[in-house]
Amino acid sequence: MSIDTEISEIFLKIANSLDILEDNPFKIRAYRNAARNISELTEDIKTIAERDDLTKIPGIGKDLADKVKEYITSGKLNYYEDLKKEIPEELVDLLAIQGLGPKMLSKLFKEYHVTNLEELETALNGEDILKIHGMGKKKIEDLRRGIVIFKESKQRVNLGIALPLAEEIIREINRIHGTEGTIYAGSLRRMKETVGDIDILTIADNGKQVIEEFTKMSSVKDVLASGDTKGSIISRNGIQVDLRVVGPGSYGAALQYFTGSQAHNVKIRTIGVKKGLKINEYGLFRGDKTIAGETEKDVYYKLGLPLIPPEIREDRGEIEAAIEGKLPNLVESNDIKGDLHVHTNWSDGTSSIEDMARKAKKLGYEYIAITDHSPSSRIANGLSIERLYEKREELESVRKKVRGIQILMGSEVDILSDGTLDYPDSVLKDLDVVIASVHIGFKMERAKMTRRIMKALTNPFVNFLAHPTGRLIGERDPYEVDLDDIFETAKKYGKAVEVNSHYLRLDLKDINVKRAIDKGTDIVISTDSHHPDHLHQMKLGVATARRGWAEKKNIINTKRFKGLSNWLNGFSS
DNA sequence: GCCGTTTTCGGCCCGACTGTTTTCAGTCG
């Protein structure tokens, strides 16, 4: 775990502990804010501390800066060590149980000496638990159900899984009489790499009835709440889905509100308050008078702001940029002119060169690069030099059959442990596109891994670095590497770094995209497809790039073929 | 505990749903 993550998690635990101790709510929020801002830093926190710039991080004042310094130098935080003596860590973790908040947990701790999950379950089975103010039979049942979900440790769901599921549920909701404009909101609309639940918004004037039918849909396993405007269910695949029903006049305000993020909305509301306006999910109001609500654009506009794209509503400077008229003009899916990272049945893909090329053409692309693995990737059936040249022959015959799209001969070449590449330069020079990537030797120490990749980037035939950190979301941590050095080397030698669109990778991730762009490093968004249907995943990569504030000009494969060709050959265009 | 074209002190976003409430507190997003 990186030190940023460690500090961020400790601040969160402090916030939760203080919550149970019923400390000042704004102090608690300060800790949560600081935790979030630290987890989203695009620069190493140690470097920031060395420059004595910690208080320049939003939400970090003198006190928290001192705490960060203490943790960096000593590896622990005395304040938190003391807090743990007062409130057991295991107890604080129980806040993740649905329906169990700080107030009730505090009572259970003080009056029933509950300090962990086992003791909580015992207490719930006891007779006198009902004596606690606010505890009834229904509440006990709710908590038991919450514990079951907690034990299944409800994982966050990958974007690539949640998105098609949300689309399916939306189709189901659209079949309910009287609904229109059904759309997903929340972190899904912001295209976060993982989502905790699925938020859906629909327009209807018979809210109660719509919610009732929603809770009876075939995909529902469990109903958590069902009211006049809001319903909440657990779907059969274990994902929580919340539906909100609003009238047409409130659609924009509700969409803005339910899209979040929470931090973004808090700041937006503060702007409203300063202008004497009130903003909630029903609209923007001056006194009793409605000023906006029908469209999201209007809500922002009446606050004196341009429409801010959902993907960057994370309170990472987008509101300040909007005020100054400096919002980025984010790259769009339509800007993408081709896919530069695609596998076929020559290595570990499932389809032929022709199938992949035809699908790419159907998507309207100008070019596609066929980039199978190199020999070291044995499991992936990497191509020997002989097979590489055989493949080239097939590719050339496909070029004659499939017209109207440029089919580029490429390879995803392994970076070996010493930083050399898996084919000799004499072979690399014959390829149109050379991708360098790490598939073996993940456990290398940071400095060595950084040197290894930097060396590969100095090879004159390499065009870009694929999945630069090697992470698999929820499965494998990124390898240790100094990304700033990688980005600087890439820029110096005219190479790009990839945003890999595979839903498990999304690598680079959003904040690292921003980091690369801030350094002026070019980016390629590609799919790493192993089947024609995977080419559609480009939208996930584009969304990730958008979350990293990427503009069309930052993305190499928004170039037309001629421009791309110049870039591949080392000419600036 | 942070922060300042209201402020170095006094603010700090807003509403729905639920259960145990008899007028509301707790939880959630």
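Chain naming here is simple, since letters A, B, ... match the order of the sequence lines and numbering starts at 1 in each.
Pairing partner, B/dT8: none, since no Watson-Crick or wobble contact has both distances short of 3.5 Å.
Atom-to-atom distance recorded for A/His534:NE2 and A/Ser501:OG is 12.0 Å, nearest 0.5 angstrom. Here A/Ile72 contributes atom CD1 and A/Glu6 contributes atom CD; the two are 10.5 Å apart, rounded to the nearest 0.5 Å.
The side chain of A/Ser232 contributes no N or O atom lying less than 4.0 Å from OP1 or OP2 of B/dC17. Proximity of A/Lys278 to the phosphate of B/dG15: a side-chain N or O atom is located under 4.0 Å from OP1 or OP2. Put simply, A/Lys67 has a side-chain N or O that comes within less than 4.0 Å of OP1 or OP2 on B/dG1. Contact between the side-chain N/O atoms of A/Arg29 and the OP1/OP2 oxygens of B/dC13 is found at a separation under 4.0 Å.
B/dG19 sits 29 Å from B/dC13 when the P atoms are compared, rounded to a whole Å. Taking atom P on both B/dT8 and B/dG4, the two are 13 Å apart, rounded to the nearest angstrom. Atom name P, nucleotides B/dG29 and B/dT23: the rounded distance is 29 Å, in whole Å. Taking atom C1' on both B/dT6 and B/dG11, the two are 10 Å apart, rounded to the nearest angstrom. When the C1' atom is compared between B/dT20 and B/dG26, the two are found 11 Å apart, to the nearest whole Å. B/dT7 and B/dC2 have their C1' atoms separated by 13 Å, given to the nearest Å. Atom P of B/dG1 sits at a distance of 23 Å from the matching atom of B/dT5, rounded to the whole Å. When the P atom is compared between B/dA16 and B/dG10, the two are found 32 Å apart, to the nearest whole Å.
For residues 280-287 of chain A, proximity to DNA chain B is found at A/Asn280, A/Glu281, A/Tyr282, defined as any non-hydrogen atom under 4.0 angstrom from a strand atom.
Here the P atom of nucleotide B/dG29 and the CZ atom of A/Arg156 are 11 Å apart, to the nearest Å. Following rounding to the nearest Å, A/Ile200 (CD1) and B/dG29 (C1') show an atom-to-atom distance of 15 Å. The CG atom of A/Leu95 sits 9 Å away from the P atom of B/dT27 (whole-angstrom rounding). Note: NZ (A/Lys107) to P (B/dT20) measures 12 Å, nearest angstrom. Whole-Å rounding puts the A/Phe26 CZ to B/dG10 C1' distance at 11 Å. Distance, A/Lys138 NZ to B/dC17 P: 15 Å, rounded to whole Å. Taking atom CD1 on A/Ile97 and atom C1' on B/dT27, their separation rounds to 14 Å, with Å as the unit. To the nearest angstrom, C1' of B/dC12 lies 15 Å from CZ of A/Arg32.
A donor-acceptor pair is defined here as one N or O able to donate and one able to accept, closer than 3.5 Å; no such pair exists between the side chain of A/Asp19 and the backbone of A/Glu22. Using a distance-only test at 3.5 Å, with no hydrogens or angles considered, a donor-acceptor pair links the side chain of A/Asp335 to the main chain of A/Glu332. Although no hydrogens or angles enter the test, the distance criterion places a donor-acceptor pair under 3.5 Å between the side chain of A/Arg471 and the main chain of A/Arg505. Side-chain atoms of A/Ser250 do not come within 3.5 Å of backbone N or O of A/Ala253 as any donor-acceptor pair.
Considering every non-hydrogen atom in both A/Val114 and A/Ala123, the closest pair reads CG2-CB, 3.9 Å.
As judged by a 4.0 angstrom heavy-atom cut-off over every strand, A/Ser226 is placed among residues touching the sugar-phosphate backbone only. The residue A/Lys275 sits apart from the nucleic acid: no heavy atom pair falls under 4.0 Å. In this structure, A/Tyr31 reaches the sugar-phosphate backbone alone: every heavy-atom distance under 4.0 Å involves primed, P, OP1 or OP2 atoms, never a base. Backbone-only engagement by A/Pro102 is indicated by non-hydrogen atom pairs under 4.0 Å involving sugar-phosphate atoms exclusively. Nucleic acid contact class of A/Leu100 (heavy atoms, under 4.0 Å, all strands): sugar-phosphate only. Residue-level contact check: A/Ile268 touches neither bases nor backbone, having no heavy atom under 4.0 Å from any strand.
Closest to the A/Ala225 side chain, of the nucleotides B/dC17, B/dG29, B/dG1, is B/dC17. The nucleotide whose nearest atom lies closest to any side-chain atom of A/Lys139 is, among B/dG19, B/dG1, B/dC17, B/dG19. Comparing atom distances between the A/Asp228 side chain and each of B/dC14, B/dC17, B/dG26 picks out B/dC17 as nearest.
Stacking of A/Lys67 on the aromatic ring of A/Tyr79 is recorded, both the 6.0 Å distance cut-off and the 45° axial limit being met.
You'll find a donor-acceptor pair under 3.5 Å spanning the side chain of A/Asn24 and the base of B/dG1, going by distance alone.
When the nearest nucleotides of DNA chain B are assigned to A/Thr55 and A/Gly227 by heavy-atom distance, the more 5′-ward of the two goes with A/Thr55. Projected onto DNA chain B by closest heavy-atom contact, A/Lys27 and A/Val273 fall at different nucleotides, the more 5' of which corresponds to A/Lys27.
Salt bridge absent: A/Arg190 and A/Asp510 never bring a charged side-chain N and a carboxylate O closer than 4.0 Å. Using a 4.0 Å cut-off between charged nitrogen and carboxylate oxygen, A/Arg313 and A/Glu296 count as a salt-bridge pair.
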